[in-house]
Chemist: 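The structure's right below; bear with me while I get my questions together.
Chain A is the first sequence line, chain B the second, and so forth, proteins listed ahead of strands; every chain is numbered from 1. All values reported here derive from a predicted model rather than from experimental measurement.
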Amino acid sequence: MVFSSSSLLSLPILPSTFHVLPTSDPPYKLLQTHPSLTLLSKCKSMQNLKQVHAHIIKSGLHNTHFALSKLVEFCAVSPFGDLSYALLVFQSIENPNQIIWNTIIRGFSLSSKPIQAVEFYVLMLLSGVEPNSYTFPFLLKSCAKFAASHEGKQIHGHVLKLGLDSDAFVHTSLINMYAQNGELDNARLVFDKSSFRDVVSFTALITGYVSRGCMDDARHLFDEIPVRDVVSWNAMISGYAQSGRFEEALALFSEMRKANVSPNESTMVVVLSACAQSGSLELGKWVGSWIENRGLGSNLRLVNGLIDMYAKCGALDTARGLFDGLQQRDVISWNVMIGGYTHKSHYKEALALFRLMLRSNADPNDVTFLGILPACSHLGALDLGKWIHAYIDKNFQSFTNTSLWTSLIDMYAKCGNIEAAKQVFNGMEAKSLASWNAMISGLAMHGHAHTALELFSKMADEGFKPDEITFVGVLSACNHGGLVDLGRQYFSSMITDYHISAQLQHYGCMIDLLGRAGLFNEAEALMNSMEMKPDGAVWGSLLGACRIHRRVELGELVAKHLFELEPENAGAYVLLSNIYAG
DNA sequence: GGAAAGTAGT
């Protein structure tokens, strides 16, 4: 048994001699069709609701549990609602019934402070109202949301005491709670021990495995589901997509169609994202016609996905056509289009679209800036970069998104303002590995080799573990500083101490460093030891070294490789002619 | 009055 008996006792559960007082509600049918209550379902704001509330009081309905529970439900659950108002109404109710208690708990489970659902549940127990099978799904969802593993287990104890573990909804909620809290073994135990399994609880467990990246376990379960529904297919397809296994995701999608299960909008959202990331333009086009045939051309979730897919597959004009045709655009529409341009190195178009976005009074968010800042870096658009920095300072000051600040560091460094980059870096409260990397590379780029290397050791002091990108920065610092010995040391330390295998870029730095120092034999030996074929940049740096050291014959040999690899590259011909001239 | 999947970037 996973649940210790002591944990079950720490929350009170009262004997069920308490019971809810009978309400004085008039017949249900009369209430259900009452004009004040039909109005309630049409409310679109709290102001609407307060008017309806006044109606309810005037018509005397505020004495009925039915009307009050509807009122509470709107305030607690609707996106236009206001939980504090729900609580005010709740406090005015003499003997709230189970439904009303449950609705408040549900409201807390949806709020930003889901832990209050548990606190409210304790109040419910203390006031003598017994929880039922509706209470626990909300409660367990709260525990899943704020990773309250301990509370979740105690609540599981209550479920068992009340004998509600055979309720399908409670059962699935338990599995989901454990899965979301990362306790997959417990989720599995609940699932295995129950004779009650349906497609929903299968899917809850599958989603747990997917979130851990255990795709094989997930697939095994999926294959065991007696009757699969569209949600279970979607979960599995999106699982493959999330773990980068796009081909399997798309293969499963075609299996789904063969099984005659109709895809829904969510299916298409996932499939589009898999197409975008795997470059499957043909299937993406098919989804495009699926959307059109169903008249879903103004569904932003789908069309944004379609724009993203076209852009990532290189069909930028088609993407832009769809974007321009949109009647309504949300921030994601702008972001996918701007990001699409940047992704395909169409930086000028990205900048132009960003300017259009500002003129259209659309508000950019952090993702917009993550799409546009790399474009600023590549174009050296320092002024726009500065403007964005000021905008972020003004509107996103409290943002904990470290990648935003990292992007700013990178932008300043690449636009030549290393001092501003340092300022942003030093101003970051919580630095990430990426921000250290950006700063180290930035310093290296500007020839501040020793400062970069100092920062590298400071980074280690602060407990960050360097990755392959860190070493690209470190080696490039050595390269820019002509520090051959240090370069050799860092290169071998990377492999032996940090267990990072050398990539093309690392070899590129080293070969460039050795070549510039005239150590051609060592550079050649290193090249021969590479597992991968050297690219144009590697041959190019060697050719540059030949020019510096006037090595005509070697230069001809190197240039031959380069011409084969990059016949279009005019730089290679220029370098060779410079060698001859020298 | 209720449970499982589901957009943009790092």
Side-chain angles (χ1 to χ4, degrees), chain A residues 65-66 69-70 72-73 76-77 97-107 109 132-141 144 167-177 179-180 187 191 197-208 210-211 222 225 228-239 241-242 263-273 276 299-309 311-312 330-340 342-343 364-374 401-407 410 432-435 437-438 469:
Chain A
H65 272 168
F66 184 82
S69 71
K70 288 287 172 201
V72 169
E73 186 189 3
V77 179
N97 62 15
Q98 281 176 311
I99 297 179
I100 300 176
W101 278 99
N102 289 345
T103 306
I104 297 281
I105 291 176
R106 184 181 176 198
S109 80
N132 64 8
S133 65
Y134 287 79
T135 316
F136 291 105
F138 306 135
L139 211 47
L140 291 166
K141 182 175 239 159
D167 178 90
F169 291 82
V170 177
H171 173 240
T172 304
S173 300
L174 281 168
I175 293 169
N176 189 48
M177 184 271 295
Q180 293 221 48
F191 180 82
R197 302 170 181 184
D198 62 4
V199 62
V200 186
S201 55
F202 265 102
T203 308
L205 193 54
I206 286 174
T207 306
V210 162
S211 69
F222 180 76
I225 303 178
R228 291 180 271 264
D229 66 1
V230 63
V231 179
S232 56
W233 283 97
N234 290 353
M236 200 62 216
I237 294 171
S238 110
Q242 280 169 39
N264 63 12
E265 290 175 27
S266 304
T267 319
M268 293 317 189
V269 167
V270 176
V271 168
L272 278 174
S273 134
N299 178 322
L300 276 183
R301 258 172 67 211
L302 288 171
V303 182
N304 288 343
L306 207 50
I307 294 172
D308 188 41
M309 181 280 298
K312 294 243 172 73
D330 62 7
V331 66
I332 298 180
S333 323
W334 290 97
N335 289 354
V336 290
M337 198 62 236
I338 292 172
T342 302
H343 192 251
N365 66 8
D366 50 338
V367 181
T368 320
F369 296 128
L370 288 169
I372 200 70
L373 281 170
N401 192 338
T402 53
S403 37
L404 200 54
W405 304 104
T406 303
S407 260
D410 188 63
S432 66
L433 178 60
S435 54
N437 288 350
I469 300 170

Chemist: Scan A/S133 against the nucleic acid and name what it touches under 4.0 Å (heavy atoms): base, sugar-phosphate only, or nothing.
Modeler: base
Chemist: Give the minimum heavy-atom separation between A/L373 and A/L404, together with the two atoms involved.
Modeler: CD1-O, 4.3 Å
Chemist: Reckon A/Q242 touches a base, only the sugar-phosphate, or nothing at all at heavy-atom distances under 4.0 Å?
Modeler: sugar-phosphate
Chemist: Applying side chain to side chain contact (heavy atoms under 4.5 Å, CB included), can you list everything that pairs with A/V77, at least two apart in sequence or on another chain?
Modeler: A/E73, A/T103, A/R106, A/L110
Chemist: Along DNA chain B, 5' to 3', what are the outermost nucleotides having an atom less than 4.0 Å from a heavy atom of chain A?
Modeler: B/dG1 to B/dT10
Chemist: Taking any heavy-atom pair under 4.0 Å as a contact, classify A/F202: base, sugar-phosphate, or nothing.
Modeler: nothing
Chemist: Would you mind classifying the nucleic acid contact of A/T207 as base, sugar-phosphate or nothing, using non-hydrogen atoms under 4.0 angstrom?
Modeler: sugar-phosphate
Chemist: Which pair of heavy atoms, one from A/P137 and one from A/S133, lies closest together, and at what distance?
Modeler: CD-O, 3.1 Å
Chemist: Using a 4.0 Å heavy-atom cut-off across all strands, classify A/N132 as base, sugar-phosphate, or nothing.
Modeler: base
Chemist: Should the pair A/F202 and A/F191 be assigned to parallel (<30°), tilted (30 to 60°) or perpendicular (>60°) ring geometry?
Modeler: perpendicular
Chemist: Give one of base, sugar-phosphate or nothing for A/V367, where a contact means two heavy atoms less than 4.0 Å apart.
Modeler: base
Chemist: Taking it one step at a time, do A/S407 and A/D410 satisfy side-chain hydrogen bond (donor to acceptor under 3.5 Å, both in side chains)?
Modeler: CA-CA 5 Å; A/S407 260; A/D410 188 63; over 6 Å; no
Chemist: Are side-chain N/O atoms of A/N264 and A/N234 paired as donor and acceptor at under 3.5 Å?
Modeler: yes
